[in-house]
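Note sheet for the following structure.
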Number of protein chains: 2
Amino acid sequence: MKLSKKSAYALKALACLGSPDTPPLISIQELARRENIPKKFLEQVLLALNKAGLVQSNRGKAGGYALRGAPAGITLGDIVRAVDGPLSPLPCANPLAPVKCADCASLEHCWLRILMTEVGAAVNTALDQTTLADICRRAEQSKRSRHVRAPMYEI
Amino acid sequence: MKLSKKSAYALKALACLGSPDTPPLISIQELARRENIPKKFLEQVLLALNKAGLVQSNRGKAGGYALRGAPAGITLGDIVRAVDGPLSPLPCANPLAPVKCADCASLEHCWLRILMTEVGAAVNTALDQTTLADICRRAEQSKRSRHVRAPMYEI
DNA sequence: TTAATATCTATTAAATCTATAGATATTAGA
DNA sequence: TCTAATATCTATAGATTTAATAGATATTAA
């Protein structure tokens, strides 16, 4: 379960979109600047998020991006799946569109496939426990905590 | 959470070592043949498993490998970690040996790091629920089910 | 009409994973 | 003691995936 750069950028971008400090519509360029993400790469990330319905875009001058749904309704799993595709441990272990492995004789009786299907389900479930709302809360907190001084002892 | 070939081979090899059809000591060559794994690659896998203490080896002629501990005491997580290293979503999210990311300013206040540390913990926990004993049981079952005829309806 | 924007496809660059190669060390048995 | 079969180790080639960049087109407010 390595987090790809793409997913990491997606998380940062969405956290930014969900921040109270962000205008209702923000351009790729500005988003890239704020989150320190390569602009052209962020482009692709937002494209994927848009296709998955997690954000909405306005084209043309003064265009930009905004969240599409409520942060509480978007899970960490949704985000990762949107940019990296289904997070199945093996191609054959995707419950929706299983792809037979080269060396496996039968999908049917492969214990590794069955095991990994369960593992994949567990991972998906784990990632779906956290919502974008949670993520935004954390981001705000750490933003705040970075501004305060080191704690001092009161007498 | 993609399963590397290395991990997949490790699982197959260990399942084979835990099978009643396997002699108490089996050579790499024979193991590679039985599980259809490139021999030189399997070599590296077994080396890692040995270093992690999951198997034991005898060198010299008539040497080979065997399980070191009881299958019920070895988890799926142990196996994957043994061959692929700690399965942390980000280098900085490894609770034991956190490695600062290039673009992250501080380990301390990075919400992504904290979030991913929790995700990593969840994934580890999930993988540690399944033991090699479970895996061996599944492997035996699927071995058996492959030998029986298609089910027929009894009257 | 222009300038700023999103969209799309392709390509290059870098990193990682998979596999192979070739050497050395060890040991049972002839 | 020698030989053959084995594990161990390090290096490297080959393949695949990921990350980043490039350059075009489409859209829209002003």
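In what follows, chains are A, B, ... by sequence order, proteins preceding strands, each numbered from 1. Quick caveat, the model's predicted, so the values are computed rather than measured.
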Starting at CD1 of A:Ile114, measure out to NE2 of A:His109 and round the result to the nearest 0.5 Å. 8.0 Å
Write out all pairs satisfying side chain to side chain donor-acceptor pair (under 3.5 Å) with one or both partners inside residues 118-136 of chain B, taking only residues at least two apart or from two chains. A:Arg138-B:Glu118, B:Thr75-B:Asp128, B:Arg81-B:Asn124, B:Arg81-B:Asp128, B:Thr131-B:Asp134, B:Asp134-B:Arg137
List the steps, then state whether side-chain contact (heavy atoms from CB on, under 4.5 Å) holds for B:Leu132 with B:Ile135. CA-CA 5 Å; B:Leu132 181 55; B:Ile135 294 173; 4.2 Å; yes
At their closest point, which heavy atom of B:Asn94 faces which heavy atom of B:Pro86, and how far apart are they? ND2-CG, 3.7 Å
Starting at NZ of B:Lys61 and ending at C1' of C:dG29, how long is that distance when rounded to a whole Å? 6 Å
Distance-only check: which donor-acceptor pairs under 3.5 Å involve side-chain atoms of residues 48-65 of chain A, not counting sequence neighbours?
unit_1	atom_1	unit_2	atom_2	d
A:Asn50	ND2	A:Ser57	OG	3.2
A:Gln56	NE2	A:Leu67	O	3.0

By nearest-heavy-atom nucleotide on DNA chain C, the more 5' of A:Lys2 and A:Gly64 is A:Gly64
Between B:Ser88 (side chain) and B:Pro91 (backbone), is there a donor-acceptor pair under 3.5 Å? no
Mind listing the residues from residues 4-11 of chain A sitting with a heavy atom below 4.0 Å of DNA chain D? Number order is fine. A:Ser4, A:Lys5, A:Lys6, A:Tyr9
Please report the closest heavy-atom contact between B:Asp84 and B:Ser7, naming both atoms and the distance. OD2-OG, 2.7 Å
List, one per line, each side-chain donor-acceptor pair under 3.5 Å for residues 20-27 of chain A, sequence neighbours excluded.
unit_1	atom_1	unit_2	atom_2	d
A:Asp21	OD2	A:Lys143	NZ	3.1
A:Thr22	OG1	A:Cys16	O	2.5
A:Ser27	OG	A:Glu30	N	3.1

Which comes earlier along DNA chain D counting from the 5' end, the contact point of A:Asn58 or that of B:Asn50, where each point is its nearest nucleotide? B:Asn50
At a heavy-atom distance below 4.0 Å, what parts of residues 31-40 of chain A sit against DNA chain D? A:Pro38, A:Lys40
Rounded to the nearest angstrom, tell me the gap between atom CD in A:Glu43 and atom C1' in C:dA10. 13 Å
Please give me the minimum heavy-atom distance between B:Lys12 and B:Ile37, naming the atom from each residue. CB-CD1, 4.4 Å
Map A:Ser57 and A:Gln44 onto DNA chain C by nearest heavy atom, then report which one ends up closer to the 5' terminus. A:Ser57
Search all heavy atoms of B:Pro95 against all heavy atoms of B:Ala93 and return the closest pair with its distance. CD-O, 3.3 Å
Say whether, by atom type as modelled, one donor and one acceptor occur between the side chain of B:Ser142 and the main chain of B:Ala139 under 3.5 angstrom. yes
If I take atom CZ in residue A:Phe41 and atom P in nucleotide C:dA15, what distance separates them, rounded to the nearest angstrom? 14 Å
Give B:Gly60 one of three labels, base, sugar-phosphate or nothing, depending on what nucleic acid heavy atoms sit under 4.0 Å from its own. base
Span of DNA chain D in contact with chain A (heavy atoms, under 4.0 Å): D:dA19 to D:dA29
